[in-house]
2 protein chains.
Amino acid sequence: MSEFGIPPYVDGRTGDKNLSKVVNRALLLDLLRARSGASRASLAKESGLTKVTVSSQVAELIALGIVKETGAGASDLGRKPVMLEIDGAAGYALGVSIATDRLHAVTMDAAGATVRDEDCPLPDASPESVVGAIASVVRAAKKKYRQSRFGLFGVGIAVPGAVERETGRVVRSAKLDWSDVPLKKAVARHFDGILRVGNDATLATIAERELYAPGADDFVCLLIDEGIGSGAYINGAIHYGHNGQFGEVGHMTIVHGGPRCPCGNEGCWDLYGSELALRQALGAARSGPVPDAAEAIALAGARPAWAEGSFRDFVDYLTTGVVSVVNSMAPTTLAINSAILAASPAMFEALKAAVADRAMSHVSACELRLSSLGKAAPAVGACMAAAERFFEGLVLRGGD
Amino acid sequence: MSEFGIPPYVDGRTGDKNLSKVVNRALLLDLLRARSGASRASLAKESGLTKVTVSSQVAELIALGIVKETGAGASDLGRKPVMLEIDGAAGYALGVSIATDRLHAVTMDAAGATVRDEDCPLPDASPESVVGAIASVVRAAKKKYRQSRFGLFGVGIAVPGAVERETGRVVRSAKLDWSDVPLKKAVARHFDGILRVGNDATLATIAERELYAPGADDFVCLLIDEGIGSGAYINGAIHYGHNGQFGEVGHMTIVHGGPRCPCGNEGCWDLYGSELALRQALGAARSGPVPDAAEAIALAGARPAWAEGSFRDFVDYLTTGVVSVVNSMAPTTLAINSAILAASPAMFEALKAAVADRAMSHVSACELRLSSLGKAAPAVGACMAAAERFFEGLVLRGGD
DNA sequence: TTAGTTAGTATAGTCAACTAACAAATTCCA
DNA sequence: TGGAATTTGTTAGTTGACTATACTAACTAA
């Protein structure tokens, strides 16, 4: 469950008196969050801890207000268990993803249920406007959830660009035309809880894995829209490269000696396999205007004859990139978040078949999946990242 | 120090009474292995543990025979510390790498010092011959080190191909023309200690990191010879993909629509940037025979005019692949093990400059290094992998 | 020779998990 | 209807490893 490979409550820590308590609490919280329908006895069985240990931990979690008893459960024989669950109403996390013209804001309760999903228009994409809009969403949520035990405990922000992990500084966002924006610092003046700022593809990957391959150690997620973004769990941990922007797989060369890309490299996959590239190809194919995103999606569903070549090329370019990713990283699951592919099951099937044909046989066990989270993925992932940190804090509390 | 992200003594483990002892012992062993010149007091300072805890752990490690006192150390003031170190003579690890015509065998003592490095010719590359040769090397080492506390405690075997991690089965090795060879099981009949079988590039990566970037979380290693192999540490853990063969980066496409590769993919980097590809280009350039590896290395040093174009193309192809790797994985250090580049510093410098020019600016902090381990890397890494497991065992012993 | 400093040990206390025994609640079956 | 069996959860006491505190040991410098 943890987004981190080495759980932060273990990493770099000496084996002091609290270590086992902390490890066990994390284990129990993970079990409680993963399945509903747990009791003290079932937790003991699944965790390998004794009933006594579980009871004492559960008592503390209930006292903290994060776990609640929900009455008697079913049993074939013997005393009925007292069912336990994370108390969703204990607190809330807000996830915001930034686009050029709007914010997408998702709210989740402590149990992980989405309780709100809204779009806020932005006057412009300047850092000031964005920070202002985030501040107002945060303010509203803070007020709304003031009554609950932990209130609005965390905010996650998904940025389409490179983010320095430690400081939450946006190093560079081509989409927003930002350079060196201290986003976290700016938002922190309006919110003093858990605040996480990350790359949108990275955060989307957190959400997609939770949905499609919870617990998978090696999981890659591709986001295909204007450009091609990606994120990856490797060895069970989400991978942040430099500046939290792992996975510029869009800027692998697929055409050696090809045209220069704005990124500085040549013949990048992004120039051939992105939605933007497809739209430009469609425009050229009909010798007319370049379709916008909505029209391209409609065309992908309709598949008019004149567009066939463009779509076939698109799948072909996607195949080349996906095979490169599969061969070089050997994930067990690869999720693709693409509105175009979502609109055309046939195209996705063609891609799957082509990848299976070309990928190295011993790694082709990799499962290709189409994401269904769509545009919401980064905001949902931002929520999850904030919640993750919240639970990490709970683990340390009372144990440190 | 651990080759694993989540230390195996923590992963999946509940916080029982021994957990802290195990964690602390691992911590102390890592410190002892990393630097020489430790004392109980310095270990306490560096580990954050109390002197009492350190003393009691050290007493057990000395009783186990893995740590020894080496007399008084220097001090400016006050009582002189009793210096401690891993007792190299406590035991030995053997690392073997398999080539078509010979075995390369490296022996290390428990302190990590290489004590022997030999080549054993092979009559042929059949599984029977290889297993027989390994068995005889192992038998000799077992006999030689019989007197020491732990004797020959482990054997690591580096295979040029895909290896199933759990079982040590060689799924496929094109170089050796092996399919489905239960190598670990076969060798286990001649050796009952720690036995690790792995992909050669993966094991070489372990060795290269230890040398060039000990402790680096994100580290990629490329091995360029007949083909292009690679290994990577991501999030501080060596990454095994499917079948222990992460990093078929050689089979990323760099020429979309290019020629079919034996692997099933098209336009693979391997077809353009490997030593084999270079040698074929050199042969074509002089309209003569394809040079063998030794001649190619000599030519790389001499750089005759007729070969200039081939070498320039070679660097160009390498650049494309390296930039793709750097952009998509964002490692902090990338080590290249290539006899050709080692023979021509100018070529390596040209590669470095071209990569810096084309890689995305925010990830170009990645440091490119030329490996000096050369052909020995896989065998050295195999030793290290065996030693790693040995120390993991020590950590659990007396704590479980 | 004595004060000051650093290394390492001895002893007692604390914490959290464990074991064992028990109380509570429920079903099955005579 | 009333035990026997079974499962849930708690209470009481034990254990192991770390910590704090206080000590001895060894050494430098003035």
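In what follows, every chain begins at residue 1, and chains take the letters A, B, ... in the order their sequences are listed.
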**Asked** Of the nucleotides dT8(D), dT28(D), dT19(D), which has the atom closest to the Lys45(A) side chain?
**Response** dT8(D)
**Request:** Please answer whether the main-chain N or O of Asn235(B) pairs with a side-chain N or O of Asp218(B) as donor and acceptor at a distance below 3.5 Å.
**Result:** yes
**Message:** By nearest atom, which of the nucleotides dT27(C), dA20(D), dT8(D) is closest to the Arg79(A) side chain?
**Reply:** dT8(D)
**Prompt:** Do any side-chain nitrogens or oxygens of Ser56(A) fall under 4.0 Å of OP1 or OP2 in dA16(C)?
**Reply:** no
**Asked** What's the CG-C1' distance between Leu43(A) and dA17(C), to the nearest Å?
**Response** 17 Å
**Item:** Nearest-angstrom distance from the residue atom NZ of Lys21(A) to P of dT14(C)
**Value:** 16 Å
**Prompt:** Rounded to whole angstrom units, what separation is found between the CE atom of Met83(B) and the C1' atom of dT6(C)?
**Reply:** 14 Å
**Request:** Measure from the side chain of Asn18(B), starting at C-beta and using heavy atoms only, and say which of dG9(D), dT27(C), dG16(D) lies closest.
**Result:** dG16(D)
**Request:** Could you work out which one of dG8(C), dC18(D), dG9(D) sits closest to the side chain of Pro81(B)?
**Result:** dG8(C)
**Request:** Using a heavy-atom cut-off of under 4.0 Å over every strand shown, decide if Lys51(B) touches base, sugar-phosphate, or nothing.
**Result:** base
**Prompt:** Nearest-Å distance, CG (Leu27(A)) to C1' (dA16(C))?
**Reply:** 15 Å
**Item:** Any Gln57(B) side-chain nitrogen or oxygen under 4.0 Å from OP1 or OP2 of dA17(D)
**Value:** no
**Fill in**
To the nearest angstrom, the CG-P distance between Leu49(A) and dT8(D) comes to 16 Å
**Request:** Indicate, with a heavy-atom threshold strictly under 4.0 Å, whether Ser39(A) touches base, sugar-phosphate, or nothing.
**Result:** sugar-phosphate
**Message:** Please tell me whether Thr202(A) and Thr205(A) have a donor and an acceptor in their side chains that are separated by less than 3.5 angstrom.
**Reply:** no
**Prompt:** For the residue pair Ala72(B) and Met83(B), what are the closest heavy atoms and their distance?
**Reply:** C-CG, 4.1 Å
**Asked** Hey, does the side chain of Asn24(B) come within less than 4.0 Å of dA17(D)'s phosphate (OP1/OP2), counting only N and O?
**Response** no
**Asked** Closer to the 5' end of DNA chain D via nearest nucleotide, is it Gly78(A) or Thr50(B)?
**Response** Gly78(A)
**Asked** Start at the 5' end of DNA chain C and walk down; is the nucleotide closest to Gly48(A) or to Val52(B) reached first?
**Response** Val52(B)
**Message:** Check this for me, if you would: do Lys184(A) and Glu166(A) make a salt bridge, where the nitrogen-to-carboxylate-oxygen distance has to be below 4.0 angstrom?
**Reply:** no
**Message:** Heavy atoms from C-beta onward define the side chain here; which of dG8(C), dT19(D), dA17(C) lies closest to that of Arg40(B)?
**Reply:** dG8(C)
**Request:** Would you indicate what Val54(A) reaches in the nucleic acid, counting non-hydrogen atoms under 4.0 angstrom: base, sugar-phosphate, or nothing?
**Result:** nothing
**Message:** Is the phosphate of dT28(D) approached by Lys80(B) (side-chain N or O, under 4.0 Å from OP1 or OP2)?
**Reply:** yes
**Prompt:** Are Arg209(A) and Tyr233(A) in a cation-pi setup, meaning NZ or CZ lies under 6.0 angstrom from the ring centre and within 45 degrees of the ring axis?
**Reply:** yes
**Message:** Under 4.0 Å, heavy atom to any atom of DNA chain C: which of residues 66-77 of chain A qualify?
**Reply:** Asp76(A), Leu77(A)
**Asked** Between Ala110(A) and Asp87(A), which heavy-atom pair has the shortest distance, and what is it?
**Response** CB-O, 3.8 Å
**Request:** Run the salt-bridge test on Glu85(B) and Arg35(B) with the 4.0 Å N-O cut-off and return the result as yes or no.
**Result:** no
**Message:** In this structure, how many angstroms lie between the C1' atom of dA17(C) and the CZ atom of Arg25(A), rounded?
**Reply:** 14 Å
**Asked** Any Lys/Arg nitrogen of Arg33(B) or Glu388(B) sitting under 4.0 Å from an Asp/Glu carboxylate oxygen of the other?
**Response** yes
